[in-house]
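Proteins come first, then strands; the chains are lettered A, B, ... in the order of their sequence lines, and each starts at number 1.
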Amino acid sequence: MLSVYDPVIFSRLLTSLTLAFHIIFATIGVGVPVMIALAEWIGIKRNDPHYLLLARRWARGFTITVAVGVVTGTAIGLQLSLLWPKFMQVAGQSIALPLFMETFAFFFEAIFLGIYLYTWDRFKNRMTHFYLLIPVVIGSSASAFFITIVNAFMNAPQGFDVDALTGKIINVQPLVAMFNPATPTKVAHVLISAYLTSAFVLAGIAAISLLRGRKHVYYKKALKLTMVSALIFSIGTAIIGDLSGKYLAEYQPEKLAAAEWHFETTDQAPLVIGGILTENNEIKYGLKIPLALSILAHGSPNAEVIGINDLPKDEIPPLWIHYMFDLMAIIGVTLMLIALTYVVGQRLGKWNVHNKGLLRLIVLGGPLAMLAIEFGWIFAEVGRQPWILRGYMKTTDAATTSGHVDTMLLVFTILYIILAFTCVKVIRKMFKNYPAEEEIASRGGNV
Amino acid sequence: MSYELLGITVLWIFLYGYLIVASIDFGAGFFSYYSEITGNKQLIQPMIERYLSPVWEVTNVFLIFFMVGLIGFFPDTAYYYGTSLLIPGSIAVILLAIRGSYYAFSTYGTKNNRFYLFLYGASGWLIPAALSTVLIISEGGFIKVINGEVQFQYMALFTSPYAWTVVGLALISVLYISSMFLTYYAYKAKDHKAFEIVRKYALAWSLPTIVASLLVFFSIRNHNVEHFERMVDLSWMFVISFLCFLVAVYFVWKRVKLGWAFVFVMFQFAFAFFGYGASHLPYILYPYINIHEHFTNETMAIALVTVFILGLLLLVPSLYLLMRLFLFDIKYVQGNKNS
């Protein structure tokens, strides 16, 4: 049997593909400027050329990822209109303001990034160059802030009414729409997990060099800076993740119930980790933590958590998002433990934190953190189904009716593979041909 | 001025800004590759790189700004253009992606890779042509609404003489605008050898630009008479545009006042572009979307305009700083200040 062309499915696949690819570069784009700023600031304050070189080399690699981030960001910006024209028609009337603000934030960032990259040795006072990075940090985080607001609005739309007769959108309140109940936890979670992931990716790079037998103190300083930052960001991510659970319980109970395979409404609800679901919706092999779901949802072991069976059947997201949630949370905890081990070991000074086992775990932490970002977004997006705009518009009603979305999916798959391949190749070559030791020697302490 | 007119004017100004900066950018990429195959690369590549490097990312934002603003002020455009532009829009996205990333790969990463240079030179040159499909279908005749569903007529697009004249103008004017700018930039950099080369490019592409513009002007008459008649009503703008062209080419020919020559190029395109835009009104997509009936709600309009003004207060000083450091800093332009 030939499958029938369905633009909705292909639109969803193409959007997922672009977002999954873009989010890697977007995450680096939001987090790495913070790390560069930390390194440059410490370098200036301690007058330590190694930290300054760290900032310089991170910034150099960053230019490549930022370029891919910009072009894939442009792609998703255009694809939203091309693939979801009916959604954008409604979004244009209700949530256009943060979209518009995002372009300004990005503009601001782009201008100062251009200036920052080309003015390393142009100012007598080194702080002047550091100050040029502040707009980049603010601009990139503000971009994430505004875009995540749009996503929050899709989960908890408010600030408008729909005219019962004409179906038109009336009584628009742009600020009420922006500051919807999902905004605080969602924005905070996206930002801090981007900082965490970037810190771990950079830590992984330093750890690889140490594993390969490079002994220079430059790499050890890089590892220390990134791991201490990672510990702080991972604690923050955990706290905000907990608050996100409380948001879901209050405003999107179906998402939480599906994520936790919570069928019957009960108090003292346990949290299920892993497991499989039988045909009769019984959970097998799962690890049950008593009371934990009630605590996650409402902060009290006796609180009642609404179950799937008490929610409208046709509004329950696919139950496999349970695994996405679990993987995201488990990776989050793992990252915190890795960072904690390093920092405690380093503080106590009794054992060598540069041992191979720990270094290998840190290297693994980078890709794991990025996977957690992907799992988290899949959970967030699939968990909102069947809605594109919760309670107002279903995903199937928002997609384009145009033909050829399947062809576009193929073309963009090839494009992203080529971009990913070249991007990795170029960055590797960039640093392989000019290792840090060589650059330290050639600069003779004047970084 | 009504909000809808203010909105479309702001958007049009940004699209004009994109037209200028993107043309300089894309044309420069093209010439960079061209110089590689003609063996002039040592002469003009360093100059082009010095200009492009700090500004390329800014260029993209003008486009995004226009697009987001259009959906914000006129939400129905998302529905009509979104449905009909899947293929041309995706082609533009792919070209933009190749251009942006391979520019960075080639400039910051693997230098002297001819294939990367070719990719970004060629893709950039084609982007304006791909984007111009939006302006082409805005004239009407390429979209049918059947049972409330928008359908795009691909054959009508491929067989339309008007469409091809616009594509031709897009391809040619990129090279003209860019070489006129590079002529000024080379002169400022006191790079005499590069100056002679790019000046030749500029003069070579001047006549084709005017011919292509005239072709577009007259092919609109066959495609959309209503629009053509409004253009004739505004013919003074097109006449001034032509006069600006003459002044610009004269200055370059005589090798005098090259800064002014580029200012006149900007005027040339400003008058033609705003003449075209003003006569296009009230339609954004003929005959389905016009600025009066399809404007967003007043609350959103006021909010967008407020943010726009606040945004400009932030951006104008930043852009001024960027230009002062890289475009008007004579030592940087001459290559005495690097990284």
Side-chain angles (χ1 to χ4, degrees), chain A residues 60 63-64 66-68 70-72 74-75 77-79 81-82 84-86 88-93 96-97 99-104 106-108 110-115 117-122 135 169-170 172-174 400-402 404-405 408 411-412 415 419 422-423 426-427 429-430, chain B residues 53-58 60-61 63-65 67-69 71-72 74-87 89-90 92-94 96-105 108-110 149-150 152 296-297 299-300 303-304 307-308 311 314-315 318-319 321-322 325-326 337 339:
Chain A
R60 214 178 290 150
T63 53
I64 304 287
V66 117
V68 183
V70 169
V71 300
T72 52
T74 310
L78 283 161
Q79 276 179 357
S81 294
L82 296 174
W84 310 99
K86 286 170 214 158
M88 286 307 281
Q89 195 178 17
V90 172
Q93 294 170 67
L97 195 61
L99 276 173
F100 199 56
M101 288 173 167
E102 196 269 348
T103 57
F104 279 106
F106 177 60
F107 213 149
F108 191 53
I111 291 172
F112 280 93
L113 184 63
I115 298 176
L117 291 175
Y118 286 89
T119 49
W120 271 98
D121 302 316
R122 218 157 143 181
I169 287 179
I170 50 168
V172 175
Q173 296 168 281
T400 183
T401 47
S402 172
H404 312 294
V405 185
M408 292 303 122
V411 173
F412 276 96
L415 174 74
L419 284 187
T422 330
C423 179
V426 167
I427 292 180
K429 203 168 168 190
M430 216 163 149
Chain B
S53 301
V55 300
W56 74 271
E57 224 194 330
V58 176
N60 236 12
V61 191
L63 177 68
I64 299 287
F65 186 95
M67 207 182 63
V68 171
I71 294 169
F74 306 98
D76 291 330
T77 54
Y79 176 63
Y80 282 90
Y81 281 117
T83 310
S84 49
L85 282 172
L86 179 71
I87 291 179
S90 297
V93 171
I94 291 165
L96 281 165
I98 294 176
R99 154 75 205 201
S101 33
Y102 281 88
Y103 171 74
F105 296 159
Y108 304 116
T110 317
E149 281 195 357
V150 175
F152 187 55
T296 190
N297 53 78
T299 328
M300 186 58 85
L304 290 176
V307 166
F308 177 75
L314 191 71
L315 288 190
S318 319
L319 272 175
L321 183 66
L322 182 75
L325 285 171
F326 297 108
K337 269 187 194 175
S339 70

Restricting to side-chain contact (heavy atoms from CB on, under 4.5 Å), what partner residues turn up for A:V66, sequence neighbours left out? A:F62, A:L113, B:E57
Side chain / backbone / both / neither for A:T422 at chain B, heavy atoms under 4.5 Å: both
Measure the spacing between CZ of A:F112 and CG of B:L322 and express it to the nearest 0.5 Å. 9.0 Å
Ignoring hydrogens, what is the shortest heavy-atom contact between A:A75 and B:V93? Give both atom names and the distance. CB-CG1, 3.3 Å
Measure up the B:F65 and A:F100 rings against each other and bin them: parallel (under 30°), tilted (30 to 60°), perpendicular (over 60°). tilted
The interface call for B:F308 against chain A, heavy-atom contacts under 4.5 Å, is both
Restricting to ring-ring contact (aromatic ring centres under 6.0 Å, His included), what partner residues turn up for B:Y79, sequence neighbours left out? none
Could you state the interatomic distance from CZ (B:R99) to OG1 (A:T74), rounded to the nearest 0.5 Å? 12.5 Å
Measure the CE-CD1 distance between A:M408 and B:I94 for me, rounded to the nearest 0.5 Å. 6.5 Å
Side chain to side chain contact (heavy atoms under 4.5 Å, CB included) evaluation trace for A:F104 with B:V307: CA-CA 9 Å; A:F104 279 106; B:V307 166; 4.2 Å; yes
Distance, nearest 0.5 Å, that separates OH of B:Y80 from CD of A:Q89: 8.0 Å
A:L415, part contacting chain B, at a heavy-atom distance under 4.5 Å: side chain
Under a 4.5 Å cutoff for heavy-atom pairs, which residue among B:I87, B:L63, B:I98, B:T296 has the most contacts with chain A? B:I87
Please report the interatomic distance CH2(A:W84) to OG1(B:T83), rounded to the nearest 0.5 Å. 12.5 Å
How close do A:P174 and B:T299 get, heavy atom to heavy atom, and via which atoms? CD-CG2, 3.8 Å
What's the shortest heavy-atom distance between A:T103 and B:V61, and which atoms? O-CG1, 3.7 Å
B:L86 CG to A:T400 OG1 distance, which is reported to the nearest 0.5 Å: 6.0 Å
Options B:N60, B:L319, B:L315, ranked by heavy-atom pairs under 4.5 Å with chain A, top entry: B:L315
Closest heavy-atom contact between A:Q93 and B:N297? O-ND2, 3.3 Å
Do A:F106 and B:I64 touch side chain to side chain, with heavy atoms closer than 4.5 Å? no
Which portion of A:V411 sits near chain B, non-hydrogen atoms under 4.5 angstrom: side chain
Between B:G311, B:G72, B:G89, which has the largest tally of heavy atom pairs under 4.5 Å with chain A? B:G311
If I measure from the heavy atoms of chain A, does B:S318 come under 4.5 Å with its side chain, its backbone, both, or neither? both
Any idea which of A:L97, A:I169, A:V68 has the most non-hydrogen atom pairs under 4.5 angstrom with chain B? A:L97
Looking at B:A104 and A:A67, what are the two nearest heavy atoms and their distance? CB-CB, 3.3 Å
Heaviest contributor of heavy-atom pairs below 4.5 Å to chain A, chosen from B:Y102, B:Y81, B:F74, is B:Y102
Do you know which two heavy atoms are closest between B:I71 and A:S81, and how far apart they sit? CD1-OG, 3.0 Å
